[in-house]
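Report on the following structure.
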Protein chains: 2
Amino acid sequence: MSPNEPGGLRERKKLATREALSAAALRLALEHGPENVRVDDIAEAAGVSPRTYNNYFSSREQAIVAALAAERALRVGAALRARPADEPLADAVVAAVLDLCTSTDEPSGDALTLITSNPALRKAFVQTLTEIEQPLAAAIEARTGTRGLAPTVLAAAVSAAARVALENWVSPAPGNPLLVVPQGSLAELMREALGHVAPALDAADH
Amino acid sequence: MSPNEPGGLRERKKLATREALSAAALRLALEHGPENVRVDDIAEAAGVSPRTYNNYFSSREQAIVAALAAERALRVGAALRARPADEPLADAVVAAVLDLCTSTDEPSGDALTLITSNPALRKAFVQTLTEIEQPLAAAIEARTGTRGLAPTVLAAAVSAAARVALENWVSPAPGNPLLVVPQGSLAELMREALGHVAPALDAADH
DNA sequence: ACACAAAAGTGCGTGCACGCAAAAATGCGC
DNA sequence: GCGCATTTTTGCGTGCACGCACTTTTGTGT
C-alpha cells in the first residue's frame with residue numbers, strides 16, 4: 001500500500017527513467033550542441049515517448065541541467081549535516097555552500113563549460129539554486145530550533161546571495177563595468193556574497 | 001540620432017502599445033477568466049498582430065500581471081528615494097517595501113483577487129518581485145556609497161525575503177501546518193520576513 | 001495464480017514562444 | 001517635400017509544453 005517509499009520498486013523505476021532522460025539530454029547536448037537537440041531525440045535516446053519526457057521535465061534546459069542539479073542539491077544537505085553542531089550557523093552554511101563550488105568544478109568540466117556558454121542553460125542552471133532553499137531551510141530549522149518564517153527567509157537569502165555570485169561569475173558585467181573584477185575564483189565570489197548575508201544568520205543563531 | 005530618450009516619439013508609441021497590451025490582457029482576464037483568454041484575443045484587443053504581442057511579453061501571465069508589476073517597480077524606487085537620507089538603511093528599505101503592500105491593496109482589488117486565485121498568475125506575480133532588485137540595488141548603492149557585490153546581494157536578499165512573505169501569504173501551508181498562521185495582514189508577514197534580513201542591511205550601513 | 005486498484009506511459013490536439021526574413025512605419029538630414 | 005537608415009511590425013514555420021483520455025504496467029490482497 002506504500003510503494004512510495006524509496007524502497008519501492010516503482011519508485012526506483014521512476015527514478016531510473018528520470019536519470020536516463022537527464023543523462024541522455026546531457027549527452028546529446030554535449031555531442032550535437034544544445035540547440036541541435038530536440039525533445040524527441042532525448043525521449044528516443046532514453047527509450048520513452050516524447051510525452052513521457054514532459055512528465056519529468058518541463059523544459060529542455062531543465063532536463064540537460066538536471067543531472068548536475070540533483071547532485072548539488074544532495075551535496076548541500078549532506079555538507080550542512082556534516083558540519084559540527086556547535087559551529088556558528090553562518091560558518092556552517094558558508095562552508096556547505098562553498099563545498100558546492102569547490103567540488104562541482106571537477107566531476108564533468110566539459111558539461112560545465114557547455115552550460116555556462118549557453119544563455120538558456122545558464123538561466124536554467126542558476127534557477128537550480130532555488131532548489132537548495134528547501135534543504136537549507138530544513139537544516140537551519142534543525143540547527144536553530146526556530147520555526148516559522150525565519151528559516152525559510154534565511155535560506156532564501158542565502159540562495160539569493162549564491163545566485164548573485166554565480167551570475168557575476170558567468171557574466172562579469174552585463175552593462176556596467178563592475179569595479180571588482182570577478183576574474184577570481186567562483187569560491188571567492190561566493191564567499192564574499194555570503195559574507196554580506198552572514199549577519200542575518202548570526203542574528204538568528206541564538 | 002537619439003529617439004531612445006523618453007522624449008522621443010518612437011519611445012512613447014512603444015510604451016503605448018505595451019500598455020495597451022497589458023491593459024487588454026488584464027481586462028480580458030477579468031471578463032472571461034484567465035484560462036479563457038488566448039494570446040490572439042489580447043493582440044486583437046490591443047490592435048496589433050499576435051506576433052507583436054510576443055515582442056513585448058514572453059508569456060500570457062506576464063502580460064496580465066505587467067500593469068500591476070510596472071506600477072510597483074516604480075513605487076519602490078520612489079518610496080526609497082523619499083526616505084530621509086539619515087535614516088538607517090534597514091528602516092528605509094523596510095518602509096519602502098512595506099509601502100508596496102499597503103498601497104497596492106487598493107487600486108484594483110478585483111485584479112488582485114484574480115491574480116492570487118490563479119496558480120499561474122500567482123507565479124508570475126511573485127516572479128515580479130525579482131524586478132525590484134535592480135532599483136533596490138541602485139538605491140542601496142547610492143545610500144551606502146558601497147560598490148561591488150554588496151548592494152546587489154543585499155537587494156537580492158531583501159527581494160527573496162519579500163518573496164517568501166508573499167508566498168506564505170497567498171498559500172499559507174503548502175504541505176506543512178506552519179505554526180505561525182499567516183492570516184495576519186501581508187504587511188505583518190512582510191515586516192517579519194524583512195526583519196530577519198535586516199541585520200545584514202545594518203552591517204552594510206556604515 | 002488471479003483479479004483489481006493505482007500509477008506510469010502514451011497519443012493526440014491545442015495554444016504558445018520565438019527565430020527569421022520581408023514589409024511597413026518612423027525620424028533625420030537635405 | 002524627399003529619400004535613406006533605423007526601428008518596429010508582421011507572417012510564417014518550427015519546436016515545445018501540457019491537458020485529456022486511454023493503454024500498459026506494477027504492486028497488492030485474496
Side-chain angles (χ1 to χ4, degrees), chain A residues 1-22 24-26 28-29 32-66 118-124 127, chain B residues 1-22 24-26 28-29 32-66 118-124 127:
Chain A
M1 210 212 219
S2 57
N4 298 342
E5 278 104 57
L9 194 154
R10 225 158 187 162
E11 276 303 303
R12 272 181 293 161
K13 271 199 101 168
K14 206 175 168 183
L15 197 71
T17 330
R18 186 183 190 84
E19 287 175 353
L21 278 168
S22 69
L26 180 55
L28 290 178
H32 311 124
E35 309 299 337
N36 303 326
V37 176
R38 280 184 295 281
V39 166
D40 297 18
D41 304 333
I42 301 176
E44 190 183 9
V48 296
S49 90
R51 184 63 183 85
T52 295
Y53 151 86
N54 261 328
N55 288 342
Y56 286 88
F57 301 105
S58 53
S59 90
R60 212 173 66 259
E61 292 75 22
Q62 188 183 348
I64 298 177
V65 167
N118 180 296
L121 290 183
R122 275 207 305 268
K123 189 176 169 187
Q127 169 89 21
Chain B
M1 210 216 217
S2 56
N4 298 342
E5 277 102 58
L9 194 156
R10 228 158 185 164
E11 276 303 302
R12 271 181 293 160
K13 270 199 102 167
K14 206 175 168 185
L15 197 72
T17 9
R18 185 183 189 84
E19 286 175 354
L21 277 169
S22 70
L26 181 56
L28 290 178
H32 311 122
E35 309 300 337
N36 303 326
V37 176
R38 280 184 295 281
V39 166
D40 297 17
D41 304 335
I42 301 176
E44 190 184 9
V48 296
S49 90
R51 184 63 184 84
T52 295
Y53 151 86
N54 260 326
N55 288 342
Y56 287 87
F57 300 105
S58 54
S59 90
R60 213 174 65 259
E61 292 75 21
Q62 190 184 348
I64 299 177
V65 167
N118 180 297
L121 290 183
R122 273 207 307 267
K123 190 176 168 187
Q127 169 88 20

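Labels below follow one simple rule: chain letters A, B, ... track the order of the sequence lines, proteins then strands, and each chain is numbered from 1. Side chains included, hydrogens not; waters and symmetry mates left out as well; all remaining heavy atoms used.
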Taking all heavy atoms of B:Leu21 and all of B:Ala46, pick out the closest pair and write down the distance. CD2-CB, 3.5 Å

Taking atom P of D:dC18 as reference, at what distance in whole Å does atom CD of B:Glu61 sit? 11 Å

side-chain N/O B:Thr17 vs D:dT9 OP1/OP2, d < 4.0 Å: yes

Those residues at least two apart in sequence (or on a different chain) that pass side-chain contact (heavy atoms from CB on, under 4.5 Å) with B:Val39 are B:Tyr53, B:Arg60

Given A:Phe57 and A:Ser22, is the side-chain contact (heavy atoms from CB on, under 4.5 Å) satisfied, shown in steps? CA-CA 9 Å; A:Phe57 301 105; A:Ser22 69; 4.0 Å; yes

If you draw a 6.0 Å radius around CD in B:Glu44, do more than 12 non-hydrogen atoms from other residues or ligands fall strictly inside? no

CZ of A:Phe57 versus C1' of C:dA8: gap in Å, rounded? 15 Å

Report the nucleotide, chosen from D:dA17, C:dC18, D:dT9, that has the shortest atom-to-atom distance to any side-chain atom of B:Asn54. C:dC18

List the residues meeting side-chain contact (heavy atoms from CB on, under 4.5 Å) with B:Ala120, not counting sequence neighbours, and say none if there are none. B:Glu61, B:Asn118

Distance, rounded to the nearest Å, where A:Leu21 contributes CG and C:dG9 contributes C1': 12 Å

Does anything in residues 36-50 of chain A reach DNA chain C, meaning a heavy atom under 4.0 Å, and if so which residues? A:Val48, A:Ser49

Not counting sequence neighbours, which residues clear side-chain contact (heavy atoms from CB on, under 4.5 Å) with A:Pro119? List them please. A:Arg122

Value in whole Å for how far the C1' atom of C:dT14 lies from CD of B:Glu35: 14 Å

Give B:Ser58 one of three labels, base, sugar-phosphate or nothing, depending on what nucleic acid heavy atoms sit under 4.0 Å from its own. sugar-phosphate

What is the distance, to the nearest angstrom, from the OH atom on A:Tyr53 to the C1' atom on D:dC16? 8 Å

Euclidean distance, atom CD of residue B:Glu11 to atom C1' of D:dT6 [Å, nearest integer]: 13 Å

What is the separation between atom CZ on B:Arg60 and atom P on D:dA17, rounded to the nearest whole Å? 16 Å

Using atom names, set out every protein N or O paired with an N or O of nucleotides 20-25 of chain D below 3.5 Å, distance rounded to 0.1 Å.
from: D:dC20; atom 1: N4; to: A:Arg51; atom 2: NH2; distance (Å): 3.4

Please identify each residue that fulfils side-chain contact (heavy atoms from CB on, under 4.5 Å) with A:Asn55, with sequence neighbours left out. A:Arg51

Using every non-hydrogen atom in the two residues, find where A:Asn36 and A:Asp41 come nearest and quote the distance to one decimal. O-OD2, 4.2 Å

I'd like to know whether B:Val48 forms a side-chain contact (heavy atoms from CB on, under 4.5 Å) with B:Thr17, so could you lay out the CA-CA distance, the side-chain angles of the two residues, the decisive distance to 0.1 Å, and finally the verdict. CA-CA 8 Å; B:Val48 296; B:Thr17 9; 3.9 Å; yes

Measure from the side chain of B:Ser59, starting at C-beta and using heavy atoms only, and say which of C:dA8, C:dT10, C:dA17 lies closest. C:dA17

Do the side-chain N or O atoms of B:Lys14 get closer than 4.0 angstrom to the phosphate oxygens (OP1, OP2) of D:dT8? yes

